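Please read the structure below before turning to the comments.
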Amino acid sequence: MTPKRILTVDDAQSVRSLVSRTLGGAGYDIVEAVDGADALDKVADGVDMVITDINMPGMGGLELLGQLRRRPETKFTPVIVLTTESQRAMRQRAVAAGATGWIVKPFDPGSLVALVRRFLP
């Protein structure tokens, strides 16, 4: 069986690396993007899930979410927001934009894997 493909979107290389190691070690195929625009280019190859930061230069996570939800091929793709933002208002904006899950940095690797497995069994 082909591993599920996850796109991780963050402007910080260290965060992308940590997510890639964590989820790659759990058996997922990981693709990395540096911002929302880069992510939109890479989802064209097909992904099963997107994990995105909110605050990034260029196209941020909320705008990316809106773009993904407007595309037929990613309209129902699970999107987890991985961010330093912990305010309830920002979380509500992300959910309204189409986020499926939310996890605050710094994150526990086991919690991230558990959340991903909830949407990609």
Side-chain angles (χ1 to χ4, degrees):
M1 182 157 83
T2 309
K4 299 286 187 180
R5 197 158 195 238
I6 300 173
L7 174 63
T8 181
V9 189
D10 201 300
D11 55 313
Q13 173 63 49
S14 58
V15 173
R16 290 194 314 271
S17 294
L18 182 56
V19 170
S20 292
R21 279 194 316 275
T22 299
L23 296 178
Y28 296 99
D29 180 23
I30 308 302
V31 180
E32 296 183 17
V34 298
D35 63 17
D38 188 25
L40 288 176
D41 288 341
K42 292 179 176 172
V43 295
D45 296 332
V47 296
D48 298 295
M49 174 180 276
V50 176
I51 299 175
T52 185
D53 189 12
I54 291 284
N55 300 310
M56 296 178 283
M59 183 188 295
L62 289 177
E63 188 180 345
L64 172 61
L65 261 166
Q67 294 280 337
L68 291 171
R69 294 303 177 229
R70 282 192 283 282
R71 292 178 171 204
E73 67 275 17
T74 55
K75 184 176 179 114
F76 301 109
T77 302
V79 178
I80 294 174
V81 173
L82 175 63
T83 183
T84 56
E85 294 278 352
S86 58
Q87 295 133 342
R88 185 182 183 125
M90 181 58 80
R91 186 175 182 157
Q92 288 170 333
R93 283 179 61 200
V95 168
T100 339
W102 182 276
I103 194 162
V104 176
K105 297 179 206 170
F107 64 93
D108 170 62
S111 297
L112 178 62
V113 171
L115 185 59
V116 167
R117 286 195 172 134
R118 218 165 81 196
F119 299 107
L120 293 180

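Model, not experiment: these values are computed from the prediction. Both backbone and side-chain heavy atoms feed into the values below; hydrogens, waters and symmetry mates do not.
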Hydrophobic cluster identity match, F107 and L120, side-chain contacts under 4.5 Å = yes

Look at the side chain of T74 and the backbone N and O of L68, then say whether any donor-acceptor pair between them is shorter than 3.5 Å.
-> yes

V9 and G36 have their tightest heavy-atom pair at CG1-N, 4.1 Å

Cluster link F119 to L7, ILVMFWY, side chain under 4.5 Å = no

R69 atom CZ, over 12 foreign heavy atoms within 6.0 Å = yes

CZ of R118: more than 12 outside heavy atoms within 6.0 angstrom?
-> no

Output, in order, the C-alpha distance, side-chain angles, deciding distance and verdict of side chain to side chain contact (heavy atoms under 4.5 Å, CB included) for E73 and V43.
-> CA-CA 9 Å; E73 67 275 17; V43 295; 5.6 Å; no

List the atom of P3, the atom of G27, and the distance in Å for their closest heavy-atom pair.
-> CB-O, 3.2 Å

Between Y28 and V116, is there a donor-acceptor pair closer than 3.5 Å when you use the side chain of the first and the backbone of the second?
-> no

Heavy-atom closest pair (W102 atom, E85 atom, distance to 0.1 Å) is CZ2-O, 3.2 Å

Establish whether I30 and V113 are linked, either directly or via other cluster members, by ILVMFWY side-chain heavy-atom contacts under 4.5 Å.
-> yes

So CD1 of I6 and CG of D29: to nearest 0.5 Å the spacing works out to 9.0 Å

side-chain contact (heavy atoms from CB on, under 4.5 Å) partner of V81, the single match among V95, D53, L65 | L65

F76-L115 co-clustered via ILVMFWY side chain contacts under 4.5 Å | no

Could you list the donor-acceptor pairs under 3.5 angstrom formed between side-chain atoms of residues 18-26 and any protein atom two or more places apart in sequence or on another chain?
residue, atom, partner, partner atom, Å
S20, OG, R16, O, 2.9
S20, OG, E32, OE2, 2.7
T22, OG1, L18, O, 2.8

Indicate, with yes or no, if L64 and M90 share a hydrophobic cluster defined by side-chain heavy-atom contacts under 4.5 Å among Ile, Leu, Val, Met, Phe, Trp and Tyr.
-> yes

Least distance between heavy atoms, G60 atom then M56 atom = C-CE, 3.9 Å

L62 versus A94, closest heavy-atom pair with distance | CD2-CA, 3.6 Å

Between NZ of K105 and CD1 of I54, what distance do you get to the nearest 0.5 Å?
-> 10.0 Å

E63 CD to T52 OG1 distance, which is reported to the nearest 0.5 Å | 11.0 Å

Side chain to side chain contact (heavy atoms under 4.5 Å, CB included) between L40 and R71, intermediate numbers included | CA-CA 10 Å; L40 288 176; R71 292 178 171 204; 3.8 Å; yes

Nearest atoms (heavy-atom pairs only) where N55 meets D11 | O-OD1, 3.5 Å

Between the CD1 atom in I103 and the OG1 atom in T83, the distance rounded to the nearest 0.5 Å is 11.5 Å

Taking D48 for its side chain and R5 for its backbone only, find out whether a donor-acceptor pair lies under 3.5 Å.
-> yes

For V79, does its backbone N or O pair with a side-chain atom of T100 as donor and acceptor, under 3.5 Å?
-> yes

So CG of D10 and CG of D35: to nearest 0.5 Å the spacing works out to 10.5 Å

Can you find a heavy atom in the side chain of L112 that is under 4.5 Å from one in the side chain of I51?
-> yes

